[in-house]
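Have a look at the structure below, then the notes.
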Amino acid sequence: MDIDWSKLTAPDRSSRLRNWYNLLIAHKQEIGQLLTLEQGKPLREAIAELCTSYILKRNVKNTSSFASFSGGIYRFIELFAEEATRVYGDIIPLPLPNHYLFVLKEPVSVVGAITPWNFPIAMIARKVGPALACGCTVVITPSELTPLIALAAAELVL
């Protein structure tokens with residue numbers, strides 16, 4: 001089934017991304033097993049990568065700053081599902097009386113997403129989520145070492 005994402009309304013794109021997020025969470029065990037089979041990552045680590053919180057610590061001038069991203073990589077898809085409804089246009093007043101410039105934001109092209117072997121599903125979530133939220137069509141070129149993860153993710157989004 002082909003979906004023309006550029007023809008979908010923002011709420012519809014948001015709903016489809018939210019559904020994709022829910023399906024990925026529902027199939028986390030199977031996707032974790034696929035990660036294990038394709039790249040040799042331990043199953044527990046693969047599932048944790050998909051669904052747990054990450055805390056990044058960086059020392060800056062003897063102080064510590066923390067940035068956390070709760071919910072793992074799938075949260076990127078949930079985040080962009082929410083942002084899909086916020087792709088607003090603008091109305092800009094012109095120097096002429098009663099004249100305005102209307103700015104409509106719309107998809108411009110196809111997005112090419114090349115994903116690495118070491119974090120294939122993470123890169124799919126980070127690249128495909130915002131592109132679909134904006135209404136762009138996406139072509140994923142997965143690593144030849146981990147092609148099945150991309151196929152599994154694409155199967156769920158359709």
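Under the 3.5 Å distance criterion, the side-chain polar atoms of W20 are matched with a main-chain donor or acceptor of A153. With hydrogens and angles ignored, the 3.5 Å screen pairs no side-chain donor or acceptor of E83 with any backbone N or O of A133. Q39 places no side-chain N or O within 3.5 Å of a backbone atom of L145 that could act as its donor or acceptor partner. For S14 (side chain) and A10 (main-chain N/O), no donor-acceptor pair under 3.5 Å exists by modelled atom type. Counting only distance, with no hydrogens or angles, the side chain of R13 and the backbone of L8 share a donor-acceptor pair below 3.5 Å.
Summarising the geometry of A150 relative to I124, their closest heavy-atom pair is CA-CD1, 3.5 Å, with the distance given to 0.1 Å. The heavy-atom pair separating P107 from S6 by the smallest distance is CG-CB, 3.7 Å. Of all heavy-atom pairs spanning K41 and F119, the tightest one is NZ-CE2, 3.7 Å. Closest of all the heavy-atom pairs between A46 and G32 is CB-O, 3.6 Å. Contact between L148 and E38 at its shortest, heavy atoms only, is N-OE2, 2.6 Å. Closest non-hydrogen pair, L34 versus A152, comes out as CD2-CB, 3.8 Å.
In this structure, the side chains of L43 and Q29 come closer than 4.5 Å at one or more pairs of heavy atoms. Using a 4.5 Å cut-off on side-chain heavy atoms (C-beta onward), V157 and V128 make no contact.
Criterion: ILVMFWY side-chain heavy atoms under 4.5 Å apart, direct or through other members. Under it, L79 and V87 are not part of a common hydrophobic cluster. Both L17 and V111 are members of a single hydrophobic cluster when ILVMFWY side chains are connected at heavy-atom separations under 4.5 Å. Transitive grouping of hydrophobic side chains (ILVMFWY, heavy atoms separated by less than 4.5 Å) brings V103 and L94 into a common cluster. Under the 4.5 Å side-chain contact rule for hydrophobic residues, W117 and I140 do not share a cluster. In the hydrophobic cluster analysis, where Ile, Leu, Val, Met, Phe, Trp and Tyr join through side-chain heavy atoms closer than 4.5 angstrom, L151 is grouped together with L35.
The CD1 atom of I149 sits 9.0 Å away from the CG atom of L37 when rounded to the nearest 0.5 Å. Note that CD1 of I121 and NZ of K28 are 14.5 Å apart. Values are rounded to the nearest 0.5 Å. Put simply, NZ on K105 and CG on D90 are 5.0 Å apart, with the number rounded to the nearest 0.5 Å. Here E155 contributes atom CD and L23 contributes atom CG; the two are 10.5 Å apart, rounded to the nearest 0.5 Å. From I92, atom CD1 reaches atom NE2 of H99 across 15.0 Å, with rounding to the nearest 0.5 Å. Atom CD1 of residue I47 and atom CD1 of residue I31 lie 10.0 Å apart, to the nearest 0.5 angstrom.
More than 12 heavy-atom neighbours from other residues, nucleotides or ligands sit within 6.0 angstrom of CZ on R86. Under a cut-off of 6.0 angstrom, the local environment of CD1 in I91 is sparse, with at most 12 non-hydrogen atoms contributed by other residues, nucleotides or ligands.
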